[in-house]
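Okay, structure first, notes after.
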Amino acid sequence: MKFEILGPDDPALQVINAQLKSHPEWETSLKIIPWAAYQPEMLAALESSESPYQAVCIPGHIWLPGLADGAKLAAFEDLLPRLAHERIRAYGAEDILPSVAAECRYAGRQYILPLFTDGHILYYRKDLIHLDDSHGVPLINPKDLPALLGKLTLNEGTLPLALKAHPSEILTDWLPYLWAFGGEIFNAENEAQFTSPQAISALDFYVALKRFCPPNTNTYGNQEIGDALKSGQVAMAASWGGQAALIFDERNPYREQIGTALFPTPWNATWGIGIPANLPLATQTGMLSVLYA
């Protein structure tokens with residue numbers, strides 16, 4: 001039986017893809033598609049009569065609750081009794097950090113195996129922006145960015161900032177700003193709070209940062225942010241930890257000049273692999289056996 005996993009275009013998944021190719025006996029391949037197209041294709045697979053993919057990649061606390069509530073994923077508790085005890089023991093689930101393991105569960109049941117934990121990192125040019133790192137990784141409150149960026153003296157062709165503001169990215173990249181202004185996504189009744197005074201102030205602030213950015217920053221996703229940092233186009237940009245390999249690539253002429261900082265409240269998520277519920281039990285069990293390899 002051959003298996004195919006669906007995943008978004010992320011450097012971390014390229015590593016997994018290489019590992020799968022080095023183990024042809026697993027008979028498993030990884031289909032990587034652009035991030036902006038990923039969620040629609042994943043949902044279409046989970047809502048079809050039978051998924052064309054035997055596993056899909058999922059960011060834990062973002063999509064998992066809805067997918068689990070909608071009975072779109074197989075719970076591992078239903079599959080593990082069918083796996084060889086040696087395979088389960090060799091996987092070493094007890095070594096997973098508790099916070100990561102918790103993000104793979106919903107309502108007391110496990111639906112994904114963790115792949116990697118990703119979160120916001122501010123990448124900046126140390127030769128252009130001087131931050132105090134004597135006590136570890138510098139922290140930057142989003143509200144302090146205008147004062148920091150406004151005093152920079154940069155060469156022609158270099159702008160202070162790039163925002164990852166493509167429609168597929170803008171919500172999660174805006175969240176540190178929302179939290180900095182004291183806002184929340186939902187209230188106690190689980191109602192969206194995007195029209196709260198804090199949310200409106202945070203969005204106004206975020207939009208106003210465009211004055212420091214390339215004019216087409218609204219089209220920037222992961223690749224564009226990485227390219228802007230590697231070309232010297234910008235002095236600072238936020239991206240994911242999972243994009244560090246792209247940004248610190250040995251072909252980056254500014255590699256040694258790039259430092260990292262953090263927001264006080266970054267957005268983080270654990271990406272994992274889940275198994276569609278709309279598959280035969282034997283297929284689900286076989287896929288989980290490969291994932292435990």
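Hydrogens, waters and symmetry mates are skipped; everything else that's a heavy atom, side chains included, is used.
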Do [X] side-chain atoms and [Y] backbone N/O form a donor-acceptor pair below 3.5 Å?
X: Ser231; Y: Asp227; result: yes
X: Gln110; Y: Ile112; result: yes
X: Asn216; Y: Thr219; result: no
X: Glu4; Y: Ser29; result: no
X: Asp204; Y: Ala199; result: no
X: Thr285; Y: Leu281; result: yes
X: Ser196; Y: Gln193; result: yes
X: Thr217; Y: Leu163; result: yes
X: Arg255; Y: Phe248; result: yes
X: Glu103; Y: Thr270; result: yes

So that I can tick it off, tell me whether [Y] and [X] are bridged by a salt bridge, with the cut-off set at under 4.0 angstrom between side-chain N and carboxylate O.
X: Lys31; Y: Glu41; result: yes
X: Asp133; Y: Lys126; result: no
X: Glu256; Y: Arg125; result: no

ILVMFWY network linking [X] to [Y], side-chain heavy atoms under 4.5 angstrom:
X: Leu30; Y: Val290; value: yes
X: Phe212; Y: Val234; value: no
X: Leu73; Y: Leu83; value: yes

Side chains of [X] and [Y], heavy atoms from C-beta outward: is any pair under 4.5 Å?
X: Tyr177; Y: Leu209; value: yes
X: Lys143; Y: Phe181; value: yes
X: His166; Y: Asn218; value: no
X: Pro276; Y: Glu50; value: no
X: Asp173; Y: Tyr206; value: yes
X: Tyr124; Y: Pro138; value: yes
X: Leu64; Y: Arg105; value: no
X: Lys72; Y: Leu43; value: no

With sequence neighbours left out, the residues meeting ring-ring contact (aromatic ring centres under 6.0 Å, His included) with Phe194 are none

For the atom pair [atom1] ([X]) and [atom2] ([Y]), what is the distance rounded to the nearest 0.5 Å?
X: Leu128; Y: Asn155; atom1: CG; atom2: CG; result: 7.5 Å
X: Tyr292; Y: Leu79; atom1: OH; atom2: CG; result: 9.5 Å
X: Leu178; Y: Glu184; atom1: CG; atom2: CD; result: 7.0 Å

Are side-chain N/O atoms of [X] and [Y] paired as donor and acceptor at under 3.5 Å?
X: Tyr254; Y: Lys230; answer: no
X: Tyr38; Y: Asp9; answer: no
X: Lys2; Y: Thr28; answer: no

The single option from Tyr111, Tyr106, Trp267 that satisfies ring pair (Phe, Tyr, Trp, His ring centres under 6.0 Å) with His61 is Trp267

Among Leu67, Leu6, Ile5, Ile275, side-chain contact (heavy atoms from CB on, under 4.5 Å) partner for Val56
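The residue from Leu67, Leu6, Ile5, Ile275 that satisfies side-chain contact (heavy atoms from CB on, under 4.5 Å) with Val56 turns out to be Leu6.
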
Residues which pass side-chain contact (heavy atoms from CB on, under 4.5 Å) with Ala71, listed by chain and number, not counting sequence neighbours:
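side-chain contact (heavy atoms from CB on, under 4.5 Å) check on Ala71 returns nothing, list empty.
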
I'd like to check the side-chain hydrogen bond (donor to acceptor under 3.5 Å, both in side chains) partners of Gln233; sequence neighbours left out, ordered by chain and number.
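side-chain hydrogen bond (donor to acceptor under 3.5 Å, both in side chains) check on Gln233 returns Tyr220.
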
Can you name the nearest heavy-atom pair linking Ala101 to Ile96, along with the distance?
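Nearest pair, atom of Ala101 first, then Ile96: N-CG2, 3.8 Å.
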
Strictly under 6.0 Å, is that where the ring centroids of Trp271 and Trp35 end up?
yes

